[in-house]
Asker: 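The structure that follows is given in the form of structure tokens.
Owing to the predicted nature of the structure, the values given are computational and were not obtained by experimental measurement.
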Amino acid sequence: MNPADEILDIVDEHDQVVGQYPRGRAYAEGLRHRCVFIQARDPEGRIFVHRRTPTKLVFPSLYDMFVGGVVGAGEPYDTAALREAEEELGVTGLPHPEYLFKFLYDDGAGRTWWSAVYEVRCALPVLPQAEEVAWHGFLPEEEVERRLAEWEWVPDGLAAYERLKAYRAGV
């Protein structure tokens, strides 16, 4: 199936379902939907970072420190988190990602989605999907911090990362 044809729940400012539309229409019309962000770390605590392929519908060729994606119509956030993490990392048998928090991402320019943030440890060798991931690596957090000013990052992932740092700091 073409990703643009995937049916998504359209939600309001309180994350209540108000309709269902194909992903392509949701993106084109700026309809609020649901996404999951999973920070994957290896056994040494390094963060999985990747650059998206140029064919992605949203934020092509940008870097991200999360794996994840849209939540399908009727799909619980937790189910989507495991599905997306396994798909993007190219693994099976991943432990269930741990839910941390949820926030409403809105860039003020028609891109808005409820974003559930998770974390997971991945001790398995990864083989990311070639159609989703152009480059990947597990980077120490200090290097991720250094690269924030050097690489162009997906804005929603950057927003999730800043919120995750505040969450971990107890702010």
Side-chain angles (χ1 to χ4, degrees), residues 1-40 48-120 122 128-134 136 152-168 171:
M1 174 172 60
N2 181 336
D5 296 330
E6 181 181 4
I7 302 299
L8 307 181
D9 285 333
I10 305 306
V11 296
D12 65 15
E13 66 276 8
H14 304 292
D15 198 18
Q16 300 301 309
V17 177
V18 295
Q20 293 182 335
Y21 291 104
R23 184 197 306 213
R25 180 174 174 187
Y27 287 0
E29 297 179 19
L31 302 174
R32 186 179 296 119
H33 53 283
R34 295 172 171 160
C35 289
V36 291
F37 293 78
I38 307 96
Q39 185 177 79
F48 180 82
V49 175
H50 65 283
R51 188 170 51 80
R52 298 163 63 88
T53 59
T55 57
K56 295 292 286 181
L57 283 174
V58 176
F59 310 132
S61 299
L62 300 186
Y63 287 89
D64 201 349
M65 67 283 284
F66 292 93
V67 294
V70 298
V71 178
E75 184 179 32
Y77 280 107
D78 288 352
T79 302
L82 179 60
R83 175 183 53 77
E84 285 287 345
E86 287 189 336
E87 282 177 8
E88 287 200 21
L89 294 170
V91 301
T92 56
L94 196 64
H96 261 74
E98 178 187 348
Y99 172 81
L100 301 175
F101 61 89
K102 188 168 67 167
F103 73 98
L104 178 59
Y105 174 78
D106 189 336
D107 71 357
R111 290 188 173 136
T112 179
W113 37 84
W114 275 100
S115 308
V117 179
Y118 293 78
E119 64 183 357
V120 70
C122 181
Q129 293 176 310
E131 61 274 9
E132 302 250 345
V133 176
H136 72 278
E152 190 174 3
W153 298 87
V154 296
D156 60 344
L158 199 52
Y161 184 71
E162 293 301 323
R163 284 174 170 82
L164 179 56
K165 287 193 310 186
Y167 172 85
R168 289 194 171 128
V171 177

Asker: Is the backbone of L31 close enough, under 3.5 Å, to the side chain of H33 for a donor and an acceptor to pair up by distance?
Answerer: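 Yes, because the side chain of H33 sits within donor-acceptor range (under 3.5 Å) of the backbone of L31.
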Asker: Could you tell me whether the side chain of D64 and the main chain of H50 form a donor-acceptor pair under 3.5 Å?
Answerer: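 Checking the backbone N and O of H50 against the side chain of D64, no donor-acceptor pair under 3.5 Å is found.
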Asker: Could you give the distance from CD (E29) to CD1 (I10), rounded to the nearest 0.5 Å?
Answerer: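 That separation rounds to 9.0 Å.
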Asker: For the pair R34 (side chain) and V11 (backbone), establish whether a donor and an acceptor sit closer than 3.5 Å, ignoring hydrogens and angles.
Answerer: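 No, the answer is negative, given that no donor and acceptor are paired below the 3.5 Å cut-off.
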Asker: Within this structure, what is the OH-CH2 distance for the pair Y27 and W113, rounded to the nearest 0.5 Å?
Answerer: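 Between atom OH of Y27 and atom CH2 of W113 there are 6.5 Å.
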Asker: Using modelled atom types only, decide if a donor and an acceptor are shared between the side chain of E88 and the backbone of Q129 within a distance under 3.5 Å.
Answerer: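 No.
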Asker: Is the shortest distance from a Lys or Arg side-chain nitrogen in D15 or K102 to a carboxylate oxygen in the other one below 4.0 Å?
Answerer: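 Yes, D15 and K102 are salt-bridged.
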Asker: Mark yes or no for whether S115, through its side chain, and L104, through its backbone, hold a donor-acceptor pair below 3.5 Å.
Answerer: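 Answer holds: no.
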Asker: Roughly how far, to the nearest 0.5 Å, is the OH atom of Y118 from the NE2 atom of H96?
Answerer: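 Answer for the NE2-OH pair, H96 versus Y118, is 9.0 Å.
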Asker: What are the two closest non-hydrogen atoms of P155 and L62, and how far apart are they?
Answerer: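 Nearest heavy atoms, P155 then L62: CD-CD1, 4.3 Å.
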Asker: Supply the atom-to-atom distance E119 CD to Y167 OH, rounded to the nearest 0.5 angstrom.
Answerer: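 Answer rounded to 0.5 Å: 7.5 Å.
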Asker: One pair to check against side-chain contact (heavy atoms from CB on, under 4.5 Å): R83 and E75. What are the steps and the verdict?
Answerer: CA-CA 10 Å; R83 175 183 53 77; E75 184 179 32; 2.8 Å; yes
Asker: Can you see which heavy atom on V71 is nearest to which on A80, and at what distance?
Answerer: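 The pair with the smallest heavy-atom distance is CG2-CB, 3.8 Å.
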